[in-house]
Amino acid sequence: MISKAAKRYANALIDIGTESNKLDEIKEDMILLDQSIEESRDLKLFLKSPLIKKAIKSSALKEIFDGKVQQVTMNLIELLVEKNREKLLHDITASYVSLYKIHHGIIDVVVQTAFELSDQEVKKLKNILESYTGKTVQMDMSIHKELLGGLTVRIDDTIFDGSVKHKLSQLEKSFAAASVE
């Protein structure tokens with residue numbers, strides 16, 4: 001769960017990015033920061049440690065990220081260290097990317113198929129989903145052979161199950177209900 005404070009920082013960063021026309025660059029910074037934190041247990045612990053002094057944290061983070069991220073992102077990092085809120089950095093990155101997607105009308109969709117789809121099928125599915133949602137769709141596709149055929153699509157909290165496995169399950173339930181009567 002992302003804290004309210006992290007959301008406020010991310011909102012402020014969206015505003016700054018909009019004003020300076022650097023939303024995309026800041027998004028790339030947020031992805032870099034997120035990946036760096038996710039991939040380094042040491043960096044995670046370093047950010048959360050109350051024993052490490054501000055000056056050391058500030059210097060180390062400058063050494064790691066200076067020249068790799070926009071100045072506005074470096075300013076955010078320095079502000080977080082100054083306010084003893086550097087542990088929020090990971091949540092801020094996630095919140096920023098989420099707000100960026102909302103700002104640009106992008107929606108994440110999880111698609112599971114029984115078999116790999118051709119490029120043409122993927123493109124057709126994407127067009128259908130974009131038409132349905134009215135947004136730009138980013139698909140996370142995976143293959144699950146246990147579906148037997150067809151596919152499942154998850155958009156936010158809604159699941160569309162067009163898999164053969166699901167259809168067989170429904171058929172089995174209807175046969176069981178018919179035999180009880």
Rounded to the nearest 0.5 Å, how far does CG of L47 lie from CG of L61?
6.0 Å

Tell me if a side-chain donor or acceptor on S174 pairs with a main-chain N or O of L171 at a distance below 3.5 Å.
yes

Answer with yes or no whether the hydrophobic clustering places L88 together with I31; edges join I, L, V, M, F, W, Y residues whose side-chain heavy atoms lie under 4.5 Å apart.
yes

Is it true that a side-chain atom of H103 and a backbone atom of L99 form a donor plus acceptor pair closer than 3.5 Å?
no

Examine Y132 and L151 and state if one hydrophobic cluster contains both, with Ile, Leu, Val, Met, Phe, Trp and Tyr joined whenever side-chain heavy atoms are less than 4.5 Å apart.
yes

Side-chain donor-acceptor contacts of residues 6-20 below 3.5 Å, not counting sequence neighbours, with atom names and distances?
{"from": "T18", "atom 1": "OG1", "to": "I14", "atom 2": "O", "distance (Å)": "2.8"}
{"from": "S20", "atom 1": "OG", "to": "I16", "atom 2": "O", "distance (Å)": "2.8"}

Might you confirm whether atom NZ of K22 has over 12 heavy atoms from other residues, nucleotides or ligands at distances under 6.0 Å?
no

Restricting to non-hydrogen atoms, name the atom on I159 and the atom on R154 that form the minimum distance, rounded to 0.1 Å.
CG1-CG, 3.9 Å

Does E116 offer a backbone N or O that forms a donor-acceptor pair with the side chain of T113 under 3.5 Å?
no

Would you indicate whether the side-chain heavy atoms of Y100 and L23 approach each other to under 4.5 Å?
yes

V111 side chain near T152 side chain, heavy-atom distance below 4.5 Å:
no

Side chain E130, main chain V137, donor-acceptor under 3.5 Å
yes

Grouping I, L, V, M, F, W and Y whenever their side-chain heavy atoms are under 4.5 Å apart, do V153 and I128 come out in a common cluster?
no

Less than 4.5 Å apart, any side-chain heavy atom of L89 and any of L33?
yes

For atom NZ of K54, decide whether the heavy atoms of other residues, nucleotides or ligands shown that lie under 6.0 angstrom number more than 12.
yes

Step through the shown structure and confirm whether more than 12 heavy atoms of other residues, nucleotides or ligands are within 6.0 Å of CD on Q71.
yes

Between K48 and L45, is there a side-chain heavy-atom distance shorter than 4.5 Å?
no

Tell me, do M139 and L129 make a side-chain contact under 4.5 Å, heavy atoms counted?
yes

OG on S3 to CD1 on I92, rounded to 0.5 Å
7.5 Å

I want to check something: taking the side chain as every heavy atom from C-beta on, are E63 and S59 in contact at a cut-off of under 4.5 Å?
no

For residues 79-97, the side chain to side chain donor-acceptor pair (under 3.5 Å) pairs (sequence neighbours left out) are D34-H90, D34-T93, E38-H90, K57-E86

Where G105 and K135 come nearest, the two heavy atoms and their spacing:
O-CB, 3.2 Å

Consider only side-chain heavy atoms of I, L, V, M, F, W and Y, link residues closer than 4.5 Å, and tell whether I106 and V97 are in one cluster.
yes

So CD of Q120 and NZ of K123: to nearest 0.5 Å the spacing works out to 8.5 Å

Would you give the length of the straight line joining atom NZ of K165 to atom CD of Q170, rounded to the nearest 0.5 angstrom?
13.0 Å

With a 3.5 Å distance limit and no angle check, can you tell me whether D29 reaches the backbone of Q70 through a side-chain donor-acceptor pair?
yes

State plainly whether one hydrophobic cluster holds both L148 and L117, where clusters connect Ile, Leu, Val, Met, Phe, Trp and Tyr through side-chain heavy atoms under 4.5 angstrom apart.
no

Stepwise, does the side chain to side chain contact (heavy atoms under 4.5 Å, CB included) test hold for M30 with T73?
CA-CA 8 Å; M30 293 298 112; T73 305; 3.7 Å; yes

Separation between NZ of K101 and CD1 of I107, rounded to the nearest 0.5 Å:
10.0 Å

Tell me, please, which residues at least two apart from S36 pass side chain to side chain contact (heavy atoms under 4.5 Å, CB included).
L32, L43, F65

Report yes or no: do S163 and D161 form a side-chain donor-acceptor pair below 3.5 Å?
yes

